[in-house]
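Residue numbers start from 1 in every chain, and the chains themselves are labelled A, B, ... in the order their sequence lines are given, proteins ahead of strands.
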2 protein chains.
Amino acid sequence: MKRIPFDQLQQTFKHILLQLSFTEEKAALCAGIFAANSRDGVHSHGLNRFPVFVQYIKDGLVNPSAEPELQSSNGLIETWNGNLGAGMYNATKAMQRAITLATDNGIGCVALQNTNHWMRGGTYGWQAADAGCIGICFTNAIAGMPAWGGAEPVLGNNPLVIAVPRTKGHIVLDMAMSQFSYGKMQEYELKHEQLPVPGGYDDAGNLTTNPSAIRANKRALPIGFWKGSSLALVLDIVLTALSGGRSTTKITADKKEYGVSQCFICLRQPDMHDALVEEILAYTKSSQPAMPGGRISYPGENTLRTRVQSEKEGVLVNEEIWEQVLQLK
Amino acid sequence: MKRIPFDQLQQTFKHILLQLSFTEEKAALCAGIFAANSRDGVHSHGLNRFPVFVQYIKDGLVNPSAEPELQSSNGLIETWNGNLGAGMYNATKAMQRAITLATDNGIGCVALQNTNHWMRGGTYGWQAADAGCIGICFTNAIAGMPAWGGAEPVLGNNPLVIAVPRTKGHIVLDMAMSQFSYGKMQEYELKHEQLPVPGGYDDAGNLTTNPSAIRANKRALPIGFWKGSSLALVLDIVLTALSGGRSTTKITADKKEYGVSQCFICLRQPDMHDALVEEILAYTKSSQPAMPGGRISYPGENTLRTRVQSEKEGVLVNEEIWEQVLQLK
């Protein structure tokens, strides 16, 4: 790993996207999101994912010239069609629209169908919180996790994001429904390490911390066993019911993950009770640590710390992937 | 356990509540919810909880004559004050208001402060789905679970409910953030059984399936370790930011669980894409079972099966607690 300036990362991505017939605005936005994901320490959806994104464009699975379109409006729920455009662009537009609805009406919802992978869900949580809104968003995905009681992957990891604005640093939960992502399990496998807690089942149906076994049989563990399984299923159902878009069922049938469904809800109150929220954080953090010297973090805290460090010292990049991306220029 | 008719259960509860100066309407509603919780198999928040509820009224923690009041209105988010009234009554009124807002505007939200335990959260999910709405609701609670990295309980189990209407039986997720409730752990302890999966930490900080150890040290496990811990914290923060009500911090400081905060969101589209939802359920259920003869359920499916059986054969009750309740008449 080495560190490079944020601007260099973003400009490199932008340069490549412009060559792929992105507009200036769209290239800047998408490049900024990839660079920010690396800056915030989410390498799997930053630099490391960029070559895959480029390949999806070249394969015609992501249409760089598509714009999201309003399909129907039902009070303060709007349904948009992403027209298979760039996922992070569509998601940003959708969250922006939900922010506008909530700013005018307290609450608003955008259901987005026919879009693509949004990379890091937290991006849109930070966006909502930066605009002073509570942001809730979730997406479906290709099947990668069995339902509780099943042995084959039929559920997406369907990340859920909940963000609350806060002067001293937003609270941003960004949580997939599997205990570990396949990307994270691969990291452990490459280091020849076991997972810190069980992450799935082995072929005999026993819980295992062996990342290779789980990557091979795709029996990833939902968080909280039956609970995460149910939550992943229900989020997919809500997405499908609201947007009329493709469910995990349909996405999985096509083998390649594209044309997913997403939902963006914003809420805003004139007074968001900052002092009461600070009291919650202080109380939670005051608790005795489980390990001597341990500390308790709120969701988003480590992201912000990584961001501040990256802004000072440059963004950490995997040198091999960085060289690979430079070849795309 | 023996079975008694639903009506007898409800009438008995109602009779007792009328003696505690509940109005006719409020007694009928609360009695119906307690009876329905037992009917649906959620005994911990049905008959088994009724004597505790009566004691809370006698102790002055639940005010039977309080009515919820609109405090402020911000577009389609309304803030209501529960005035420390009966929790299931306030929650029903709040969800009804969210249903009305969503029926008129696609989406609506009621933030409720200063209310009391709603018993089974799923009750209000079924209510929303019966009205044709997607219902999302959550509550905070007294601390009973450490935050990730901590050794003392500072988080509530903060149940989250998500319900989707469906002709053949609603989909209703009702999920607390701890792997097991303390009530459930007590059931295992009384049967001298271990938990089926780890439910918390022992005093040495190791994961354990021993319900007695966890009940003693209050180190219950959040679902998905750090993930459920973060989700429980964020739900409490959202509740506090939206309602200005009491957080888990404040509830816990008072030692007794009362004056909690809740949120009710409804969404409704003209077309909720029933056929696509059926396709998801069929696909999920078609997966190969992990155990021979096993089956995969959607959230709400087992509840509905229990309900149908109770309606045919009568509601299962713990005879000892039933006798105890009859003494209250």
Under 4.5 Å from any heavy atom of chain B - which part of [X]:
X        : result
A:Tyr298 : both
A:Leu235 : side chain
A:Ala143 : side chain
A:Asp104 : neither
A:Ser72  : neither
A:Ile265 : side chain
A:Arg219 : side chain

* Asked: Only one of B:Ile136, B:Leu267, B:Ile134 clears side-chain contact (heavy atoms from CB on, under 4.5 Å) with A:Val238; which?
  -> B:Ile134

Please name the pair of heavy atoms, one in [X] and one in [Y], separated by the smallest distance, quoted to 0.1 Å.
X        : Y        : answer
B:Tyr283 : A:Val154 : CE2-O, 3.4 Å
A:Leu233 : B:Pro299 : CD2-CD, 3.8 Å
A:Lys250 : B:Glu279 : NZ-OE1, 2.6 Å
A:Gly150 : B:Ser287 : CA-OG, 3.8 Å
B:Leu276 : A:Gly244 : CD1-O, 3.6 Å
A:Thr249 : B:Ile280 : OG1-CA, 3.4 Å

At a 4.5 Å cut-off on heavy atoms, which part of [X] comes close to chain A: side chain, backbone, both, or neither?
X        : answer
B:Ile296 : both
B:Pro153 : backbone
B:Ile171 : side chain

* **Short side-chain donor-acceptor distance under 3.5 Å, A:Ser243 and B:Gln269** => no

Top residue by heavy-atom pair count (under 4.5 Å) with chain B, among [options]?
options                                : answer
A:Ala111, A:Ala176, A:Ala147           : A:Ala176
A:Leu160, A:Leu155, A:Val197, A:Leu281 : A:Val197
A:Gly294, A:Pro270, A:Gly205, A:Ser286 : A:Pro270
A:Leu231, A:Val164, A:Leu221           : A:Leu231
A:Met272, A:Met177, A:Lys227           : A:Lys227
A:Thr79, A:Val172, A:Thr240            : A:Thr240

* Asked: chain A: which of B:Ile77, B:Leu207, B:Ile223 shares the most heavy-atom pairs with it under 4.5 Å?
  -> B:Ile77

* Asked: For chain A, which of B:Gly75, B:Gly108, B:Gly149 has the most heavy-atom pairs under 4.5 Å?
  -> B:Gly149

* With rounding to the nearest 0.5 Å, note down the distance linking CD1 in B:Ile237 to OG1 in A:Thr284. => 7.0 Å

* Asked: What's the spacing between B:Ile107 CD1 and A:Cys109 SG if we round to 0.5 Å?
  -> 5.0 Å

* Asked: Under the side-chain contact (heavy atoms from CB on, under 4.5 Å) criterion, do A:Trp226 and B:Gln179 qualify, and how do the steps go?
  -> CA-CA 9 Å; A:Trp226 51 91; B:Gln179 188 65 59; 3.5 Å; yes

* Asked: Should we say atom NZ of A:Lys285 is surrounded by more than 12 heavy atoms from elsewhere, each under 6.0 Å from it?
  -> yes

* Asked: Short question: side chain of B:Gln288, backbone of A:Ala151 - any donor-acceptor pair under 3.5 Å?
  -> no

* Asked: Would you say the side-chain atoms of A:Asn74 pair up with the backbone N or O of B:Arg268, donor to acceptor, closer than 3.5 Å?
  -> yes

